[in-house]
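See structure below.
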Amino acid sequence: MIYSFGKYILLLRLSFRKPEKFSVYWAEVMREMVSVGIGSLGIISIISIFIGAATTIQVAFQLSSPLVPNSIAGSIARDSTILEFSPTISSLVLAGRVGSSIASQIGTMRVTEQIDALEIMGVNAPGYLIAPKIIAGMSMVPLLVITSIALGITGGWIACGLSGDISPSDYIAGVQGGFNGLTVRVAMVKAIVFGFLIASICAYQGFYTSGGALEVGQSATKGVVYSCVMILFADLVITRLML
């Protein structure tokens with residue numbers, strides 16, 4: 001474990017060395033940002049709307065009491081969406097979609113000796129292949145989380161209108177009342193950290209792949225599993241430190 005962690009740190013160090021040609025790296029960063037951000041927007045949107053709707057319905061069911069105002073469901077659904085559901089669940093989904101793609105892409109380049117060819121030509125392979133993916137993950141995952149938060153709250157409002165358990169006006173009043181900006185800051189910190197973990201861990205697994213097609217699949221699986229575990233661990237640590 002200590003040996004693997006040392007290799008991981010050294011790989012990150014190589015990844016962020018000064019680039020040989022900035023324009024080439026910038027083009028790669030833009031391509032990765034489109035792949036991570038635009039490519040994941042659809043699945044994140046669908047998941048966020050349904051999670052927001054289901055959360056609101058469940059909160060309304062559990063708080064069905066004449067002593068509890070209906071607007072409390074909106075505030076609970078809002079804080080749950082901002083603090084936990086949107087950052088964590090969206091990142092777990094991205095670990096499966098983006099992380100497996102990163103690990104399999106770099107792993108295929110390793111087993112087909114394309115990375116060796118880059119190194120022979122004097123190109124810093126970790127910097128060219130890994131750094132753009134990490135930058136894209138740290139910049140696009142927060143934007144996806146913001147989109148997820150907005151769509152999650154919108155999904156709760158739609159659920160109120162369709163189910164009739166809570167009136168949409170009570171839901172909106174709960175969403176607007178007692179808002180604390182700290183929850184958004186916590187969500188953004190989580191998103192940045194989760195984006196870094198997904199890209200770096202999956203890139204590490206792919207970069208040190210050895211063998212053939214079977215090992216590429218195993219590296220992709222390990223990258224997704226380790227990313228999910230570290231996301232949950234980081235979620236606990238950040239929540240404990242910031243709240």
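Because the structure is a prediction, the values reported are computed rather than measured.
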Rounded to the nearest 0.5 Å, what's the gap from [atom1] on [X] to [atom2] on [Y]? Could you check?
X      : Y      : atom1 : atom2 : value
Ile106 : Tyr208 : CD1   : OH    : 11.5 Å
Ile2   : Lys7   : CD1   : NZ    : 14.5 Å
Ser4   : Gln205 : OG    : CD    : 8.0 Å
Asp79  : Thr55  : CG    : OG1   : 12.0 Å

Side chains of [X] and [Y]: is there a donor and an acceptor less than 3.5 Å apart?
X      : Y      : answer
Ser71  : Tyr171 : no
Ser167 : Asp170 : yes
Glu84  : Thr88  : yes
Lys190 : Thr239 : yes
Ser90  : Ser148 : yes

Open item on the list: Can you confirm if the NZ or CZ of Arg110 lies within 45° of the ring axis of Phe207 and under 6.0 Å from the centre of its six-membered ring?
Closed with: yes
Do [X] and [Y] touch side chain to side chain, with heavy atoms closer than 4.5 Å?
X      : Y      : value
Ser139 : Leu143 : no
Ile201 : Ser227 : yes
Val24  : Tyr128 : yes
Leu243 : Leu182 : yes
Ser48  : Thr147 : no
Ile135 : Phe196 : no

- [ ] Please lay out, stage by stage, how Val111 and Ser210 fare under the test side-chain contact (heavy atoms from CB on, under 4.5 Å).
- [x] CA-CA 6 Å; Val111 299; Ser210 60; over 6 Å; no
Looking only at heavy atoms, which two atoms of [X] and [Y] are closest? And how far apart?
X      : Y      : value
Thr56  : Ala77  : OG1-CB, 3.7 Å
Val29  : Ala136 : O-CB, 4.5 Å
Lys133 : Ala199 : O-CB, 3.5 Å
Ala95  : Val224 : O-CG2, 3.4 Å
Ala60  : Ile166 : CB-CD1, 3.4 Å

Open item on the list: How about CZ on Phe233, more than 12 heavy atoms from neighbouring residues, nucleotides or ligands closer than 6.0 Å, or not?
Closed with: no
